[in-house]
2 protein chains.
Amino acid sequence: MAEGKTYGTVLIKAKHILDYMMSVDSGVTLKDISEGVHSPKSTTLKILTTLSDQNMIWRNEESKKYYFGTELIGYGQRAMADFDISRISLPYLTKLRDETAETVHLGVEQNNKVIYLQKLESPQSVNLKSRIGGKLNLYCSAMGKALLADKTPSELDEYFSEVTLKASTQYTVTSISRLYEQIEDIRERGYSIDDKENQEEVICVGATLRKHNKVFGAFSVSTPEYRIDSDKLGKIIDYVLETKESIEKEL
Amino acid sequence: MAEGKTYGTVLIKAKHILDYMMSVDSGVTLKDISEGVHSPKSTTLKILTTLSDQNMIWRNEESKKYYFGTELIGYGQRAMADFDISRISLPYLTKLRDETAETVHLGVEQNNKVIYLQKLESPQSVNLKSRIGGKLNLYCSAMGKALLADKTPSELDEYFSEVTLKASTQYTVTSISRLYEQIEDIRERGYSIDDKENQEEVICVGATLRKHNKVFGAFSVSTPEYRIDSDKLGKIIDYVLETKESIEKEL
DNA sequence: TTTTTTAGTTTCTCATTTGGAAACCAATTT
DNA sequence: AAATTGGTTTCCAAATGAGAAACTAAAAAA
């Protein structure tokens, strides 16, 4: 509330609609959307119609359900390409995936979250569910905690004042002081660990990527708990630190 | 012009901006965009600012150039998933790629164009440039001509009245009567051929995918000319027809 | 250095667009 | 046949939007 003048109210509402659609399964009705974004049906319908005309979404005329549309595909591909962090680090991350035989993610921070830019899947048959474009909390993910560890004290204060720490699993650390301890460790060691704090049974090792001392992203290796022991964890950590070094050297 | 009431002018303008950005290389200035979309700087800036606030785009504060933003990544991924044509046909198209060792594309029609939904790359070192989300003309591509061949006479009339046939290469067919002949052939044979009509040196074989006699997409195999002879072409055609049959059976 | 040009930002105002309550309609369900 | 549910249309006071012009900052030219 307050802030300068508003501009683009319809555009902002359209964005809310897309975000709502992202948060639920495919195929949404007008009613759902209208309730989901707290906007009356008449208004919502008009936006949906315009969005359809622009092929940003489409609707199945029989079921009257809405889906994401083709135009967004090109934009999404282009957005990925426009983060050249992907292009540069991809070969190294692929190597990391092959060395560890586990899933590797690349992400950037945005609005107190990490967004997946890339996912390199483990070749093994038991695999992890995650999606490019998906979002994670900073405080309970390996990439996120690595990013936190690179923040200044005042940035950290700001972050913790804006965010509500909510347990995703029984292992999630929701105490700010314990998180500060972890952040201290991460700074010393150069890597972060998510020990089932985000998803039950999944352990991740992460690190940030810097250029001219400025952080611009993070990556991590994720593995199901049953597939890891302290020996393998040690190796993964070594590979992560090597990968971080190689990528940063390239820049 | 005319049509019902306008709604969402800002949304539509924002779309124009994104489309303009798609049509040029990454990193665009306000001036370029403003000229590109024929809208004054003041108006354009306001939209760009809102779009940035929403993380649909971002700008490099030093160079003041605009790029596609992270939010679009998730939408794009979701849009691909929402065309379940991809999910169903992917295994068959992968098989086709492996059988032919050439690049396979999957696309849908939209606004008199074909949009690439999937690209399965040839394992060979000489490869083709194309991008998921990219667009092709119907009249000079294998997928496009296959789609044309599935249209009714009045749909074809409409298409040709709306589109301007422009040669992309020296081989592009720009005569409507010759295209009608080709369409007749495609209907008889069940597959279409693009013989360097879209890109010099690239030959493609395509076919549509139907469900309950309704077309919902098309796919194609593309190969550089030097890698093909009439024997291999025959094989590719067979594989394409087989793949079409398998996928349509699945539905 | 100073001047000129170029590109980005801000301001202001009238005309246009928008929001959303309510009426309406069509299809299910009871 | 009645009731419910969800999609569509209408309408106008009130809020937003367009864009010319003035302004500022930075880069290029003199």
Side-chain angles (χ1 to χ4, degrees), chain A residues 1-21 23-69 82 212, chain B residues 1-69 82:
Chain A
M1 267 142 237
E3 284 259 341
K5 280 258 179 297
T6 38
Y7 184 89
T9 51
V10 176
L11 178 50
I12 292 166
K13 279 173 188 243
K15 174 74 166 35
H16 289 331
I17 289 177
L18 293 174
D19 286 337
Y20 173 74
M21 287 175 68
S23 75
V24 297
D25 283 339
S26 284
V28 208
T29 61
L30 170 61
K31 179 177 187 290
D32 287 340
I33 297 172
S34 147
E35 287 169 5
V37 302
H38 312 293
S39 193
K41 289 185 294 176
S42 49
T43 306
T44 307
L45 179 63
K46 281 186 278 190
I47 298 176
L48 287 171
T49 305
T50 303
L51 238 19
S52 298
D53 291 345
Q54 305 293 321
N55 295 307
M56 314 266 280
I57 61 174
W58 58 277
R59 85 166 183 176
N60 180 319
E61 291 302 334
E62 288 163 42
S63 67
K64 313 222 165 183
K65 287 183 175 174
Y66 294 87
Y67 300 84
F68 284 85
D82 279 2
H212 308 135
Chain B
M1 269 140 236
E3 283 260 340
K5 280 256 179 296
T6 37
Y7 184 88
T9 51
V10 176
L11 177 51
I12 292 166
K13 279 172 187 243
K15 175 73 166 36
H16 288 332
I17 288 177
L18 293 174
D19 286 337
Y20 173 73
M21 287 175 67
M22 277 299 274
S23 75
V24 295
D25 283 339
S26 285
V28 209
T29 60
L30 169 62
K31 178 175 188 288
D32 286 341
I33 297 172
S34 148
E35 287 170 4
V37 302
H38 312 294
S39 193
K41 288 185 295 176
S42 49
T43 306
T44 307
L45 179 63
K46 280 186 278 190
I47 298 174
L48 288 170
T49 304
T50 304
L51 237 20
S52 298
D53 291 345
Q54 305 292 322
N55 294 307
M56 315 265 280
I57 61 174
W58 56 278
R59 85 165 183 178
N60 180 319
E61 290 302 334
E62 288 163 42
S63 66
K64 313 223 164 180
K65 287 183 174 174
Y66 294 87
Y67 300 83
F68 284 86
D82 279 2

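Quick note on labels: first sequence line is chain A, next is B, and so on, each numbered from 1.
Note: OH (B:Y66) to P (C:dG8) measures 8 Å, nearest angstrom.
In this structure a side-chain-to-backbone donor-acceptor pair under 3.5 Å is present from A:S34 to A:S39. Listed for the B:N60 side chain is no donor-acceptor partner under 3.5 Å among the backbone atoms of B:K65.
Contacts between residues 21-32 of chain B and DNA chain D, defined by a heavy-atom separation under 4.0 Å, are absent.
For DNA chain D, the span of nucleotides reached by chain B at under 4.0 Å from its heavy atoms goes, 5' to 3', from D:dG17 to D:dA20.
Contact annotation: the side chain of B:D53 never approaches that of A:Y7 to less than 4.5 Å [non-hydrogen atoms, C-beta and beyond]. In this structure, B:Y66 and B:S26 have side chains that are not in contact, with every pair of non-hydrogen atoms separated by 4.5 Å or more.
Overall, the helix from C:dT1-D:dA30 to C:dT30-D:dA1 carries an axis bend of 40° between its ends, with five pairs at each end and the value rounded to 10°.
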Exercise. For side-chain contact (heavy atoms from CB on, under 4.5 Å), just list the numbers for A:V10 and B:T9, CA-CA rounded to whole Å, side-chain angles, deciding distance to a tenth of an Å, and then say yes or no.
Key: CA-CA 8 Å; A:V10 176; B:T9 51; over 6 Å; no
Practice problem: Verify side-chain contact (heavy atoms from CB on, under 4.5 Å) between B:M22 and B:F68, making sure each step is shown before the conclusion. | Solution: CA-CA 9 Å; B:M22 277 299 274; B:F68 284 86; 3.7 Å; yes
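In terms of the ring-ring contact (aromatic ring centres under 6.0 Å, His included) criterion, residue partners of B:Y67 (sequence neighbours excluded) are, by chain and number, B:W58.
Between B:K64 and B:E62 there is no salt bridge, since no side-chain nitrogen of the basic residue lies less than 4.0 Å from a carboxylate oxygen of the acidic one.
Within the model, atoms CE of A:M21 and CG of A:L48 stand 7.5 Å from one another, a figure rounded to the nearest 0.5 Å. Rounded to the nearest 0.5 angstrom, B:D25 CG and A:D82 CG are separated by 10.0 Å.
Only one option out of B:T49, B:L51, B:L45, B:T50 pairs with B:I47 in a side-chain contact (heavy atoms from CB on, under 4.5 Å); it is B:L51.
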Quiz item: Once each nucleotide of nucleotides 13-30 of chain C is scored for protein heavy atoms under 4.0 Å, what B/S/- sequence comes out, 5' to 3'?
Solution: ----SSBBB---------
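Among residue pairs with one or both ends in residues 13-23 of chain B, those qualifying as side-chain hydrogen bond (donor to acceptor under 3.5 Å, both in side chains) are A:E71-B:K15, A:Y75-B:D19, B:K15-B:D19; sequence neighbours excluded.
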